[in-house]
Amino acid sequence: MKEKELQRSRAVLPIGTIMKLTELTARQIRYYEAQSLILPVRSESNRRLYSLNDIDRLLEIKDYLTEGFNMAEIKRVYEKQASRRQQEHRKLTKPVSDADLLDALHNEFLTVGGLKHDGGAFSN
DNA sequence: TTTCTCACA
DNA sequence: TGTGAGAA
């Protein structure tokens, strides 16, 4: 089922579509790119092209921002995600599913944000 | 028409 | 972050 992964990563959507789908302004979307939160590819005419994965990430970012996180924290988490993916790739053994990864990241977010006090005995 | 970059309130 | 200018 890797065909789907490729399709999700296939960047073909212009920023206008992203704006409507994420409720974000072009300004914000470009700013997040500057902060390396997303990495859209460029068309031959220098136009930004986003993938479905980018949309997901943008929605997540919007979510975290709503919850009171700042760029630095969000960046930190994505950097961690990147390094984790590399590690998993090297081990080339049992890769973690995206669901597990997101769950772990979300958990870290709650901890870092002080929204969680212990091992997650309760949910918000 | 849409998006891009850059600069300024 | 918003907005406007000038270009592609």
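Numbers restart at 1 for each chain; the letters A, B, ... are given by sequence-line order, proteins then strands. This is a predicted model, so every value here is computed, not measured.
- The side chain to side chain donor-acceptor pair (under 3.5 Å) test applied to A/Thr17 returns no partner, not counting sequence neighbours.
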Nucleotide N/O of nucleotides 7-9 of chain B paired with protein N/O under 3.5 Å:
none

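- For DNA chain B, the neighbouring residues in residues 29-49 of chain A, judged by any heavy atom under 4.0 Å, are A/Arg30, A/Arg42, A/Asn46, A/Arg47, A/Arg48.
- Listed by chain and residue number, A/Ser45 satisfy the side chain to side chain donor-acceptor pair (under 3.5 Å) test with A/Ser43 (two or more places apart in sequence, or in another chain).
- Remark: P of B/dT1 and CE of A/Met19 are 16 Å apart, rounded to the nearest angstrom.
- Separation of atoms CD1 (A/Ile61) and CD (A/Gln35) is listed at 10.0 Å; rounding is to 0.5 Å.
- Extent of DNA chain C lying under 4.0 Å from chain A heavy atoms, first and last nucleotide in 5' to 3' order, is C/dT1 to C/dA8.
- Scanning for side chain to side chain contact (heavy atoms under 4.5 Å, CB included) contacts around A/Ser51 gives A/Ala11, A/Asn53, A/Asp54, with sequence neighbours left out.
- Here salt bridge (Lys or Arg N to Asp or Glu O under 4.0 Å) pairs that include residues 15-28 of chain A, with residues two or more places apart or in two chains, number zero.
- In this structure the side chain of A/Met71 reaches within 4.5 angstrom of the side chain of A/Tyr32, judged on heavy atoms.
- Counting heavy atoms from C-beta on, the side chains of A/Ile18 and A/Leu24 never come closer than 4.5 Å.
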TODO: For DNA chain B, just give me the dot-bracket, please: Watson-Crick or G-U, both distances below 3.5 Å, ( ) intra-strand, [ ] crossing earlier pairs, | paired with another strand, . unpaired.
DONE: .|||||||.
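- Residues forming a side chain to side chain donor-acceptor pair (under 3.5 Å) with A/Thr66 (at least two apart in sequence, or on another chain): none.
- The salt bridge (Lys or Arg N to Asp or Glu O under 4.0 Å) pairs that include a residue from residues 43-52 of chain A are A/Glu33-A/Arg48, where partners are two or more places apart or lie in different chains.
- In the hydrophobic clustering (ILVMFWY side chains linked at under 4.5 Å, chained through shared members), A/Leu49 is joined by A/Val41.
- Here the side chains of A/Ile29 and A/Ile38 are in contact, with some heavy-atom distance below 4.5 Å.
- Hydrophobic clustering, with ILVMFWY side chains joined whenever heavy atoms are under 4.5 angstrom apart, keeps A/Leu39 apart from A/Tyr64.
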